[in-house]
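Have a look at the structure below, then the notes.
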Amino acid sequence: MSQRPSLLAVDTVGPATSVQDAGRLGAQRYGLTTSGAMDRTSLAAANALAGQPSGAAAIEVGPLAAAFTVRRGSARVSLAGADRVAKLSGRAVWLNETVRIAAGETLQLSPARSGVFSYLGVEGGIAGKPVFGSLSVSARAGLGSPYPRPLRPGDLLDVGAAVDTAAERRVKLPSPGRGPIRVVLGPQEDALTPEAVSLFLDTEWRISPKSDRMGYRLEGPKLAHANGFNIVSDGTVPGSIQIPGNGQPLALLADRGTTGGYPKVATIITADLPRFSQTQAGGRVRFAAIGIEEAQDEAIRFAAMLARMTERVEGLVKSVVAGEMAPRAPSIS
Amino acid sequence: MSSPAPRLLPCGDSALAVEFGDSIDPELNRRVLALDALLAAEPIAGVSESVPTYRSLLVHYDPGVIRHADLGAKLLALAARRDAPARKGRRWRVPVVYGGDYGIDLEAVAERAGLAPAEVVARHTGVDYRVYMLGFLPGYTYLGGLDPSIATPRRHDPRLETPAGTIGIGGIQTGIQCLAAPSGWNLLGCTPMRTYHPKREPIFLIEPGDQVGFYAIEASRWEALDRAAEAGEPVAEMTEA
């Protein structure tokens with residue numbers, strides 16, 4: 001941020017809204033989890049629109065309504081992720097586009113219609129002090145910047161000033177894909193009975209309302225362990241699917257504990273984590289097992305897609321009404 | 001004496017676990033830490049981070065740089081070596097206020113063991129523990145070497161919140177829980193030491209493989225030590241052997 005930062009105020013916000021980036025790497029050996037955005041594709045899209053690196057910090061907005069006001073300067077923001085109605089001073093703001101917010105204007109986000117998390121990218125970025133290279137909020141660890149906790153009404157963020165000459169932009173995203181969430185079996189699928197592993201793959205699971213950034217609980221038939229449900233603790237990754245004593249899977253996500261003492265039947269592949277994380281409570285998911293080679297091919301394609309997100313950004317031509325965009329159909333996430 | 005070769009377990013597309021066994025055993029944990037040390041000394045391109053646990057080393061990596069099979073072969077070759085860099089022996093002496101409001105389960109642990117509370121404290125402070133791993137939460141230190149006479153099963157109803165600094169017993173394990181968190185362990189006492197303090201340099205004090213011993217302090221010393229720890233003092237003494 002070379003010039004004087006603008007000031008973005010949080011007016012209203014639900015409980016699950018926080019500053020998140022690509023996450024905090026390098027201290028998992030001390031029990032410090034990575035945190036970071038639940039949907040890396042939408043984070044990268046918001047950042048590409050805002051001219052930021054794909055893993056830069058954005059505001060991860062939870063499924064409830066939220067409103068932000070620019071108090072000083074002006075800010076150019078972008079919105080990606082969950083599908084929701086957004087308005088700026090009564091005008092519609094479209095998903096996967098940028099919009100400039102002048103001082104005194106309020107961006108209003110309605111509750112998500114589909115999906116869970118939206119990402120508000122900011123041209124020039126969000127100012128903060130990184131710890132282990134990240135601004136991501138990890139509430140339990142007391143980390144995150146500018147606030148080491150989820151955002152609350154009244155919070156103020158120093159953000160980059162809008163580059164006034166810049167045209168508004170939009171990004172065309174690849175289809176998020178349909179069908180089962182793909183997993184690689186292991187590391188402890190042998191801790192379940194073979195019937196339970198088949199049942200895990202054959203079941204349409206329901207995402208429990210008791211789900212959060214730590215993990216999504218899945219409801220369905222009880223999965224049986226082969227020899228008890230305690231294992232000597234070992235490491236976890238984002239997407240590890242634990243089977244605790246009650247036989248109901250728990251998919252560990254961004255704020256997971258770095259180690260756990262329950263067997264892990266499978267791991268969600270990196271490329272499908274965004275789609276899984278955007279499934280609302282009550283939503284249904286199925287899993288399909290693929291081989292490690294195929295999963296790694298997908299991970300490489302996914303990383304390339306994130307890295308080339310800026311190539312999907314195009315400028316918008318301003319309409320004859322000064323300062324307003326031509327109307328268009330909202331894109332569907 | 002030769003040890004069995006470890007198993008390679010895929011943990012999704014970007015991590016794999018090198019598993020040496022499935023029990024809590026100092027020799028097994030030594031092999032985990034030896035591989036971790038060799039990997040630190042001779043980095044493999046594409047590996048971003050490793051996480052030692054009781055029995056396995058979790059290796060995070062970028063499949064765009066190195067694939068599962070190649071990385072697995074390299075890690076098995078490292079695991080077979082016997083020339084891991086010797087680690088410095090570090091020993092921590094950690095002050096603890098036992099019992100009362102600081103350790104609400106001390107009486108129950110004592111009763112179950114058929115011992116006086118003071119004898120439980122004597123046995124808990126009477127040995128040095130091995131740091132097997134840090135995990136679950138920042139700075140959560142898992143220790144092995146508990147006197148079996150005071151081993152106590154986890155509670156059937158885990159508490160939804162237990163205080164920061166808690167020293168507890170869970171089965172044959174004891175540990176330091178740095179942050180307030182839900183827990184099913186039995187609470188013996190509390191230490192003012194911060195194993196994790198985000199505003200201190202270094203943020204973390206204890207490493208896997210270190211030794212930890214506890215000593216009892218009076219509750220009257222809590223406030224001063226807690227203030228010092230919050231200000232960034234280690235509070236616990238560390239000696240290098």
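Both backbone and side-chain heavy atoms feed into the values below; hydrogens, waters and symmetry mates do not. In what follows, chains carry the letters A, B, and so on, assigned in the order in which the sequence lines appear, proteins first and then strands, with residues in each chain numbered from 1.
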With 3.5 angstrom as the limit, list the donor-acceptor pairs from chain B to chain A, or say none if there aren't any.
| residue | atom | partner | partner atom | Å |
| --- | --- | --- | --- | --- |
| Gly12(B) | N | Thr267(A) | OG1 | 3.3 |
| Asp13(B) | O | Gln296(A) | NE2 | 2.9 |
| Asp13(B) | OD1 | Thr270(A) | OG1 | 2.5 |
| Asp13(B) | OD2 | Thr270(A) | N | 2.8 |
| Asp13(B) | OD2 | Thr270(A) | OG1 | 3.2 |
| Asp36(B) | OD1 | Arg29(A) | NH2 | 2.8 |
| Asp36(B) | OD2 | Arg29(A) | NH1 | 3.0 |
| Asp36(B) | OD2 | Arg29(A) | NH2 | 3.0 |
| Glu49(B) | OE1 | Gly26(A) | N | 3.0 |
| Glu49(B) | OE1 | Gln28(A) | NE2 | 3.0 |
| Glu49(B) | OE2 | Gly26(A) | N | 2.9 |
| Glu49(B) | OE2 | Ala27(A) | N | 3.1 |
| Glu49(B) | OE2 | Gln28(A) | N | 2.8 |
| Ser50(B) | O | Arg29(A) | NH2 | 3.4 |
| Ser50(B) | OG | Arg29(A) | NH2 | 3.0 |
| Arg55(B) | NE | Val232(A) | O | 2.6 |
| Arg55(B) | NH2 | Val232(A) | O | 3.1 |
| Tyr61(B) | OH | Gln296(A) | NE2 | 2.7 |
| Arg67(B) | NE | Gln296(A) | OE1 | 3.4 |
| Arg67(B) | NH1 | Asp297(A) | OD1 | 3.0 |
| Arg67(B) | NH2 | Glu293(A) | O | 3.1 |
| Arg67(B) | NH2 | Glu293(A) | OE1 | 2.8 |
| Arg67(B) | NH2 | Asp297(A) | OD1 | 3.0 |
| His68(B) | N | Gln296(A) | OE1 | 3.0 |
| Phe136(B) | N | Thr258(A) | OG1 | 3.1 |
| Phe136(B) | N | Thr259(A) | OG1 | 2.9 |
| Gly139(B) | N | Tyr30(A) | O | 2.8 |
| Ala180(B) | O | Arg140(A) | NH1 | 2.8 |
| Tyr196(B) | OH | Ala141(A) | O | 2.6 |
| Glu207(B) | OE1 | Tyr30(A) | OH | 3.2 |
| Glu207(B) | OE2 | Tyr30(A) | OH | 2.6 |

What part of [X] lies closer than 4.5 angstrom to a heavy atom of chain B: side chain, backbone, both or neither?
X: Ala141(A); value: both
X: Val232(A); value: both
X: Ala304(A); value: neither
X: Ile300(A); value: side chain

- Message: Between Ala181(B), Ala15(B), Ala69(B), who has the most heavy-atom pairs with chain A when the cutoff is under 4.5 Å?
- Response: Ala181(B)
- Message: So, applying side chain to side chain contact (heavy atoms under 4.5 Å, CB included) with Pro187(A), which one of Leu58(B), Leu9(B), Leu8(B), Leu16(B) is it?
- Response: Leu9(B)
- Task: Check whether Leu137(B) gets within reach of chain A through its side chain, its backbone, both or neither, counting any heavy atom under 4.5 Å.
- Result: both
- Heavy-atom proximity to chain A below 4.5 Å, by part of Phe136(B): both
- Item | With sequence neighbours excluded, residues passing side chain to side chain donor-acceptor pair (under 3.5 Å) with Glu237(B) | none
- Item | Exercise: identify the closest heavy-atom pair between Pro10(B) and Ile292(A) | CB-CD1, 4.2 Å
